[in-house]
Amino acid sequence: MEQASVADCKHQVVAIDGPVASGKTVVGRALATRLGWRLFDTGIMYRAATWQAQRRGVYLDDGETVTDLIRGSEFRLLPSAGSDAPDLDVYVDNVNATPYLRESAVESGVPTVAAIAGVRLLMVQIQQDQATDGCMIVVGRDIGTVVLPDAPVKIFLDASEEVRARRRAAEQNGGTDEASVLKATQRRDARDRSRETSPLIASPDAITLDTSNLTLGQAIDAAEAIIRERIPNLARVPDAAPAGQG
Ligand code: DC
């Protein structure tokens, strides 16, 4: 297999998939920072589609109307404004939707919208277009299987249900009871894995990285080693986060 050179950004894409709270985004962001790449967290696309449907007053269970609305809306991804983060902001019909994507209405509506096959087809097309420039960490549920099946590096980030629930509970300021977070995690896992279109599964050629017993820093280091093994000669941004923290 031909190996990508430093000059050839086009072939430098890394697909990271995994279940909820497996650390995909935080690991992906650290990797993008270290490599001087962009982070494309594809969950923002489904969140932005949900936000658009909600602000247009479309009933989310009406998949056909939601798909028509999304088909007629313009989605653009631009480097995150006013921050050093490698993230992308998503604009819908020229409005930056990014500040609204973690609101509770979007949070509760997004699994319904992400399960609409017509919406997924449109979103996958945008994601593939966005990734063509390369030098990008692309994070999601179906990146290695559907969006970028030819990605030179595919990582499936995993952790036990208990560990993921504990991390999620800690994110919620430690005030949430772990048992109920565990139940919610199990529900979301079941929904993601049993979804008819693009269920969450590891691509057969993905490397599974189980982070249950790793610190965040160790998980980032391990993922970086996997990438460097497959795409040699990658530069490292000198002042990016040091290894082994967290
Ligand atoms: O990763 P997240 O929580 O931002 O994802 C939001 C929703 O979108 C969640 O229901 C999973 C779904 N999703 C998906 O189906 N496919 C992707 N590539 C990314 C996210």
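All heavy atoms count here, side chains included; hydrogens, waters and symmetry mates do not. Order of appearance sets the numbers: ligands from 1, and atoms from 1 within every ligand.
Ionic pairing of R34 and E224 is present here: one or more N-O contacts between side-chain nitrogen and carboxylate oxygen are shorter than 4.0 angstrom. Salt-bridge formation is detected for the pair D192/R141: a Lys NZ or Arg NE/NH1/NH2 atom is positioned less than 4.0 Å from an Asp or Glu carboxylate oxygen. Taking the charged nitrogens against the carboxylate oxygens, D41 and R29 have no contact shorter than 4.0 Å, which rules out a salt bridge.
Of the protein's non-hydrogen atoms, V110 CG2, 3.6 Å is the one closest to atom 7 (C) of ligand 1. Among all protein heavy atoms, the one lying closest to atom 10 (O) of ligand 1 is P111 CA, 3.8 Å. Atom 1 (O) of ligand 1 has its closest protein heavy atom at R141 NH1, 3.0 Å. Scanning the protein heavy atoms around atom 6 (C) of ligand 1, the nearest turns out to be R47 NE, 3.8 Å. Taking atom 9 (C) of ligand 1 as the reference point, the nearest protein heavy-atom neighbour is R188 NH2, 3.7 Å. Nearest protein neighbour of atom 20 (C) of ligand 1, counting heavy atoms only, is G43 CA, 3.6 Å. With hydrogens left out, the protein atom closest to atom 12 (C) of ligand 1 is A114 CB, 3.8 Å, a heavy atom.
Residue-to-ligand polar distances keep D41 apart from ligand 1: every N/O pair is separated by 3.5 Å or more. For R120, a nitrogen or oxygen atom sits less than 3.5 Å from a nitrogen or oxygen atom of ligand 1, counting backbone and side chain alike. Close N/O approach between Q127 and ligand 1 is not found [any backbone or side-chain N/O within under 3.5 Å]. Some N or O of T42 is nearer than 3.5 Å to an N or O of ligand 1, by distance alone. Close N/O approach between Y46 and ligand 1 is not found [any backbone or side-chain N/O within under 3.5 Å].
When side chains are defined from C-beta on, R102 counts as touching R47, because their heavy atoms get closer than 4.5 Å.
Taking every heavy atom of D142 and a limit of under 4.0 angstrom, the matching atoms of ligand 1 come to 16 (N), 17 (C), 18 (N).
Heavy-atom minimum distance, T211 versus A219: CG2-CB, 3.8 Å.
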Decide yes or no on salt bridge (Lys or Arg N to Asp or Glu O under 4.0 Å) for D89 and R76, but give the supporting numbers first.
CA-CA 8 Å; D89 283 350; R76 277 191 308 140; over 6 Å; no
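Using a 4.0 Å heavy-atom cutoff, M123 is absent from the residues neighbouring ligand 1.
With 3.5 Å as the limit, one finds no donor-acceptor pair spanning the side chains of D158 and T208. Side-chain contact check for R228 and N233: no donor-acceptor pair (N or O, by modelled atom type) lies under 3.5 Å.
Both I207 and L234 sit in one connected hydrophobic cluster of ILVMFWY residues. Membership requires side-chain heavy atoms under 4.5 Å apart, directly or through other members.
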